[in-house]
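Down below is the structure, laid out as structure tokens.
All heavy atoms count here, side chains included; hydrogens, waters and symmetry mates do not.
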Amino acid sequence: MAISEVKRLAQALSQEYNSANPDLAKCGQFLSQLKIALIELSYLTHEERPNNIEELTLARDVLEIGAQWSVRTKDIPSFERYMAQLQTYYNDHSALPASPLKYNLIGLNLLCLLSQNRISDFHTALETIDPEQLHNNPAIQHPIKLEQSLMEGSYNRVWSSRSEVPSKEYLFFIDILMDTIRNEIASCSEKAYTSLPLSDAGTLLFFTNMEDILNFAKERNWKVNPVEQKAYFHSDADEKINIPADQIIKQTMFYARDMDRIV
């Protein structure tokens with residue numbers, strides 16, 4: 001495919017993705033065609049061919065849309081693949097014009113690592129970021145502050161960070177974090193209480209409407225009393241445990257006789 005045709009496809013992808021109501025399936029089709037076309041153009045570093053700035057910039061821009069598209073389609077493995085390819089453009093090609101999306105995507109990648117509890121990978125990724133951007137760029141500071149809040153157990157700050165996201169794509173990974181936090185809070189509540197009013201459970205779990213509370217209660221197998229407006233938790237103490245008393249007594253007597261022989 002000629003470079004002119006690749007540019008036409010890339011422009012069509014950009015227009016569709018950045019439209020008010022993008023057709024994500026159509027964007028996926030464009031991306032599939034462009035990945036094949038860019039491979040044919042040897043868009044990655046090639047020993048026998050000097051890098052073409054125009055082609056490399058075009059490839060980087062396509063990969064950036066692909067990373068954002070992956071988040072919009074909730075495809076984490078695809079996002080990770082796009083980010084792995086983008087590292088080459090961000091770290092090894094200083095001659096390329098600066099990308100306005102670079103640090104937004106790097107911040108997204110940090111948040112992706114946090115959402116998977118890959119804390120060591122998170123800190124390793126921080127070490128590769130320019131110190132000035134690390135301390136001053138809002139897109140980078142957002143996941144850093146989130147990680148600090150998680151370490152401190154300040155879940156309220158994690159929840160309130162939804163209103164401060166650098167881009168709407170960040171919400172996807174924050175929602176994953178919140179699901180993890182809710183399940184941790186629910187596990188602690190089940191051990192601490194036998195029941196909770198639904199309104200209190202909603203406050204603890206950062207739910208804003210009753211439907212979400214009831215759906216979560218169903219997932220956790222809580223018994224909801226609609227009259228009392230309470231959720232009752234399953235208790236391990238309610239389970240009957242059969243203890244083989246006769247077998248234990250016989251085994252104990254056997255050990256006692258052996259001890260007498262030894263003495």
How many angstroms lie between atom [atom1] of [X] and atom [atom2] of [Y], to the nearest 0.5 angstrom?
X    : Y    : atom1 : atom2 : answer
S70  : L63  : OG    : CG    : 10.0 Å
M83  : R81  : CE    : CZ    : 14.0 Å
E190 : L196 : CD    : CG    : 10.0 Å
W159 : L177 : CH2   : CG    : 12.5 Å
T73  : L24  : OG1   : CG    : 7.0 Å
S115 : D175 : OG    : CG    : 10.5 Å

Inset, instruction - For Q11, look at atom CD and say whether over 12 heavy atoms of other residues, nucleotides or ligands are found less than 6.0 Å away. - result: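 Counting other residues, nucleotides and ligands, CD of Q11 stays at 12 neighbours or fewer.
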Inset, instruction - Give a yes or no on whether K102 atom NZ has more than 12 heavy-atom contacts from other residues, nucleotides or ligands under 6.0 Å away. - result: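 Result for NZ/K102: enclosed.
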Which residues share a side chain to side chain donor-acceptor pair (under 3.5 Å) with [X], sequence neighbours left out:
X    : answer
R157 : S149, E152
E64  : Y90, S99
Q229 : none

Inset, instruction - With side-chain contact (heavy atoms from CB on, under 4.5 Å) as the test, would you mind laying out the steps for K7 and E54 before giving the verdict? - result: CA-CA 10 Å; K7 290 166 91 173; E54 181 184 24; 2.5 Å; yes
Please report the shortest heavy-atom distance between [X] and [Y], naming the atom on each side.
X    : Y    : value
S161 : I174 : OG-CD1, 3.8 Å
S78  : W69  : OG-CZ3, 4.1 Å
L205 : A186 : CD2-N, 4.2 Å
L111 : P143 : N-CB, 4.2 Å
L204 : S189 : CD1-OG, 4.0 Å
G202 : I213 : CA-CD1, 3.5 Å

Do [X] and [Y] have side-chain heavy atoms sitting under 4.5 Å apart?
X    : Y    : value
L150 : I181 : yes
T124 : L113 : no
T128 : N91  : no
F233 : T194 : no
R8   : E5   : yes
N52  : I3   : no
L101 : D61  : no
R72  : P22  : yes

Inset, instruction - Check the pair V158 / F206 against side-chain contact (heavy atoms from CB on, under 4.5 Å), numbers first and verdict last. - result: CA-CA 10 Å; V158 178; F206 304 98; over 6 Å; no
Any side-chain to backbone donor/acceptor pair from [X] onto [Y]? Under 3.5 Å, distance only.
X    : Y    : value
Y170 : A139 : yes
T180 : I176 : yes
S19  : E16  : yes
T203 : S199 : yes
N18  : S14  : yes
Y82  : I65  : no
N109 : L105 : no

Any luck finding a side-chain donor-acceptor pair between [X] and [Y] under 3.5 Å?
X    : Y    : answer
R220 : S187 : yes
D212 : N215 : no
E164 : Q141 : no

Inset, instruction - Verify the cluster assignment for I76 and L31: are they in a single hydrophobic cluster under the rule of side-chain heavy atoms below 4.5 Å apart? - result: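 The answer is yes; both residues are in one hydrophobic cluster.
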Inset, instruction - Tell me, with the steps shown, if L134 and L126 meet side-chain contact (heavy atoms from CB on, under 4.5 Å). - result: CA-CA 8 Å; L134 187 67; L126 288 180; 3.8 Å; yes
Inset, instruction - Would you kindly check if the NZ (Lys) or CZ (Arg) of R182 is within the cone defined by 45 degrees around the ring axis of F207 and under 6.0 Å from the six-membered ring centre? - result: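 Ring-cation test returns yes.
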Inset, instruction - Assign the ring pair F216 / W222 to parallel, tilted or perpendicular, where the plane angle (0 to 90°) is split at 30° and 60°. - result: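 Answer is perpendicular, since the angle exceeds 60°.
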Inset, instruction - Tell me, with the steps shown, if Q85 and E80 meet side chain to side chain donor-acceptor pair (under 3.5 Å). - result: CA-CA 9 Å; Q85 293 176 78; E80 292 175 336; over 6 Å; no
Inset, instruction - Check step by step if side-chain contact (heavy atoms from CB on, under 4.5 Å) holds for F79 and F173. - result: CA-CA 12 Å; F79 172 76; F173 293 115; 4.1 Å; yes
Legend entry - Salt bridge R118-D121, side-chain N to carboxylate O under 4.0 Å: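 Counted as a salt bridge, because a side-chain N and a carboxylate O are separated by less than 4.0 Å.
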